[in-house]
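Quick notes on the structure that follows.
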Amino acid sequence: MAQVRVRFAPSPTGPLHIGGVRTALYNYLFAKKNNGIFILRIEDTDQGRFVEGAEEYIMESLEWCGIKVDEGINEGGKFGPYRQSDRKELYRQYADDLIHKGDAYYAFDTPAQLDAMRAEEEKAGKTFIYNASNRMGLCNSLSSSGSDWKERIEKGEPYVIRYKMPLGEDIHFDDVIRGHIVVNSNTLDDKVLFKSDGMPTYHLANIVDDHLMEITHVIRGEEWLPSLPLHFLLYRSFGWQAPLFAHLPLLLKPDGKGKLSKRDGDKMGFPVFPLFWPYGETSKGYREEGYYPDAFVNMLALLGWNPGTEQEIFTMYELINSFTIERVHKSGSRFDPEKAKWFNHQYLQKRSVNEVAIEYREFLRARGFHIDIKPLERLVELVKERVSFVKDIWSETDFFFVAPQSYDPEVVKKRWKEDSPALLRELRSLLEQTDDFSPSSTEVLVKSWIEEKGYNMGAVMNAFRLAVVGASRGPHMFDIISWIGKQETLDRIDKGIALIGK
RNA sequence: GGUCCAUUCGUCUAGUGGUUAGGACGUCAGGUUUUCAUCCUGUUAACAGGGGUUCGAUUCCCCUAUGGACUACCA
């Protein structure tokens, strides 16, 4: 069998949506599983929609995800160029070929005329369609008498080239995921293949490029399923062997109806893009939100596919090994932001204390704290299992760096009693006597004192926590005071007694 | 409106012509803990509806409903 070659073919019209990333991922997994080639082709045949920076964004996103491109605009390859605008000259001859074969024709109807006809049909509750049912009444080379149309072209009148959809034919085709599908050609229209601006449309460019690049499997979004009959017909008209097609299910909104959109992310506070998109409206990215790329990829891979086992955590290598296109689902998947977080939690737990400490050091540096790696490792060890993201370490450990500025009123009400100041004063003088602030040492010291005096453990420790932390949260007290040190501990007790009062 | 696609716990899903319909996220409840989390244990909850086929359908077929995509000189 010929070598497997697949392509991811986005349009550079803005940042890549996570649905697009998943399409790229499935293409990549399929390629690598089959020792094949993964191609990145930029489909920029609509010059009006080109967005500066989008190409770079796409490539950076794939790179961040660990999806390596074998052939593409940066990587090169034998089948280049890999940007359709750079292949512009190539398409016209294929459109002409179709005209010679009688499967395509020139059409002169202006956009304004077509719009008017569409509007009229819509008013009558119908859908305008341009095909065998009415093409002889429209303005094109099939309906014009004699050589009128030739003159029009020679005069430089704008025209498009349309595919001549057959009349009343049942078109049979197959999709790897969805099986056999039949559509009657009467419901399809004479799609424009070549635009008046000299550029091909998606349909032509796509088929020509997939053929020329020897693509064996077309794995793309479900939104393309309705144009699959056209594409099959195109392959037939050219006399080319069609690749295998697989149409992926959509990513749906977490709640409500419809497919996942940028608005959902904004509304519910999760990113719909892999990376921050710096142009236009601000849009968060998974990378900037603190997701690990392997967690992100793992989460995405399982949205619409699973290997049939109960395994949920996969390295890219494992994904490649277990991926099969047949196990991709038919129906759309709702995106679940909670589960996305859970994946990151799993990945963060798998990392070593040292790795996380290094990441956290970077985080602190950006906020003006320059801390050695050793104390940070001790800190990370204390809170690692409680967090899902490195940035969460800060909200769990802010009080390690800064004494409380205020004391949670709820906790004060619940934990600060009449005798709290007296207990803390006693505790303070007890701690002042020792210089050994290791957790085990202070623990023994304090606990035996509490026992000796017959105090209530909770009464002492909760008040102590309130003074040191300012709230009812955080790791064990002896770990905290060991980290902040003796002087800071004593200071915070003083401050707490003074500020909380009574 | 037309064409096409889809439908198992709230969500992601496993699965089979005969199963106690399994797992994960979430929820809830216990346990651990000096607090808050984490963690552990348990709990919760599903085959869209109606017809067939069959000894038997969640599983196969049809219809309905619902959801979705498409319906541009956009991809």
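Note on naming: letters A, B, ... go to the chains in the order of the sequence lines (proteins, then strands), and numbering restarts at 1 for each one.
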Query raised in the report: Quantified in whole Å, what is the C1' atom distance between nucleotide rU8(B) and nucleotide rU59(B)?
Result: 11 Å
Query - Sugar-phosphate only, base, or nothing, as touched by Thr45(A) at under 4.0 Å among non-hydrogen atoms - result: sugar-phosphate
Report task. Remember a base hit wins even if backbone is also touched, and classify Pro229(A) as base, sugar-phosphate or nothing at under 4.0 Å, heavy atoms. Result -> nothing
Query raised in the report: Is the backbone of Ile215(A) close enough, under 3.5 Å, to the side chain of Asp210(A) for a donor and an acceptor to pair up by distance?
Result: no
Query raised in the report: Is Gly221(A) touching bases, backbone alone, or none of the nucleic acid, heavy atoms closer than 4.0 Å?
Result: nothing
Report task. Identify whether any heavy atom of Arg327(A) sits under 4.0 Å from a base atom; if not, whether one sits that close to sugar-phosphate; answer base, sugar-phosphate or nothing. Result -> sugar-phosphate
Query raised in the report: Ignoring hydrogens and geometry, is there a side-chain-to-backbone donor-acceptor pair from Ser11(A) to Thr13(A) under 3.5 Å?
Result: no
Query - Out of rA69(B), rA14(B), rU71(B), whichever nucleotide has its closest atom nearest the side chain of His329(A) - result: rA14(B)
Query raised in the report: Which whole-number value in Å describes the distance from Asp190(A) CG to rU71(B) C1'?
Result: 14 Å
Query - Presence of Arg49(A) side-chain N/O under 4.0 Å of rA75(B) phosphate oxygens OP1/OP2 - result: no
Query - Length of the CZ-P vector between Arg334(A) and rU8(B), whole Å - result: 11 Å
Query raised in the report: Among the nucleotides rA14(B), rC25(B), rA75(B), which one has an atom lying closest to any side-chain atom of Glu338(A)?
Result: rC25(B)
Query raised in the report: Quantified in whole Å, what is the C1' atom distance between nucleotide rU33(B) and nucleotide rA37(B)?
Result: 10 Å
Requested in this report: Among rC36(B), rC73(B), rA24(B), find the nucleotide with the atom closest to the side chain of Trp342(A).
Outcome: rA24(B)
Report summary line: Looking only at rC36(B), rA75(B), rU38(B), the nucleotide nearest the Arg473(A) side chain is rC36(B)
Query raised in the report: In terms of side-chain heavy atoms of Tyr202(A), which of rU34(B), rA75(B), rC70(B) is nearest?
Result: rA75(B)
Query raised in the report: Say you pick atom P in rG56(B) and the same atom in rC70(B); how far apart are they, in whole Å?
Result: 44 Å
Report summary line: Closest to the side chain of Pro226(A), out of rC5(B), rC74(B), rA69(B), is rA69(B)
Requested in this report: Indicate, with a heavy-atom threshold strictly under 4.0 Å, whether Leu466(A) touches base, sugar-phosphate, or nothing.
Outcome: nothing
Report summary line: Of rA75(B), rC73(B), rG68(B), the nucleotide closest to the side chain of Ser196(A) is rC73(B)
**Report entry** Asp209(A) versus Gln84(A), side-chain donor and acceptor atoms under 3.5 Å
**Finding:** yes
Report summary line: Considering only heavy side-chain atoms of Leu114(A), the closest of rU34(B), rC73(B), rG15(B) is rC73(B)
**Report entry** Nearest-Å distance for atom pair NE2/C1', residues His476(A) and rU32(B)
**Finding:** 10 Å
Requested in this report: Pick base, sugar-phosphate or nothing for Asp109(A), based on heavy-atom distances below 4.0 Å to the nucleic acid.
Outcome: base
Query raised in the report: rA6(B) P sits how many Å from Lys259(A) NZ, rounded?
Result: 18 Å
Report task. For Gly258(A), answer base if it contacts any base atom (sugar-phosphate contacts may also be present), sugar-phosphate if it contacts only those atoms, and nothing otherwise; contact means non-hydrogen atoms under 4.0 Å. Result -> sugar-phosphate
Query raised in the report: Just how far, in rounded Å, is P of rA75(B) from CZ of Arg41(A)?
Result: 13 Å
Report summary line: With the side chain defined as heavy atoms from C-beta on, Val183(A) is closest, among rG22(B), rU3(B), rU13(B), to rU3(B)
Report summary line: Taken to the nearest whole Å, CZ/Arg178(A) to P/rG68(B) is 15 Å
Query raised in the report: Base, sugar-phosphate, or nothing: which does Val192(A) touch, judged by heavy atoms less than 4.0 Å apart?
Result: sugar-phosphate
Requested in this report: Using the ring of Tyr292(A) (Phe, Tyr or Trp, six-membered ring only), decide whether Arg351(A) places NZ or CZ under 6.0 Å from its centre and within 45 degrees of its axis.
Outcome: yes
Query raised in the report: How far does the C1' atom of rU54(B) sit from the matching atom of rC62(B), given to the nearest Å?
Result: 16 Å
Report task. Report which part of the nucleic acid Glu385(A) touches: base, sugar-phosphate, or nothing (heavy-atom distance under 4.0 Å, all strands). Result -> base
Requested in this report: Tell me which nucleotide among rC36(B), rA14(B), rC73(B) gets nearest to the side chain of Lys195(A).
Outcome: rC73(B)
Query raised in the report: Rounded to the nearest Å, what distance is computed from the CD atom of residue Glu55(A) to the P atom of nucleotide rA75(B)?
Result: 15 Å
Report task. Check for a donor-acceptor pair, side chain of Asp175(A) on one end and backbone N or O of His247(A) on the other, with a separation under 3.5 Å. Result -> yes
Query raised in the report: With sugar-phosphate meaning primed atoms plus P, OP1 and OP2, does Lys330(A) contact a base, only sugar-phosphate, or nothing at under 4.0 Å between heavy atoms?
Result: sugar-phosphate
Query raised in the report: Do Arg135(A)'s NZ or CZ and the ring of Tyr130(A) fall within the cation-pi criteria of under 6.0 Å and 45°?
Result: no
Report task. Decide yes or no on salt bridge (Lys or Arg N to Asp or Glu O under 4.0 Å) for Asp264(A) and Lys253(A), but give the supporting numbers first. Result -> CA-CA 7 Å; Asp264(A) 301 310; Lys253(A) 294 179 188 297; 3.1 Å; yes
**Report entry** Whole-Å distance separating the CZ atom of Phe343(A) from the C1' atom of rG26(B)
**Finding:** 14 Å
**Report entry** Distance test, side-chain N/O of Asn306(A) to OP1/OP2 of rA14(B), below 4.0 Å
**Finding:** yes
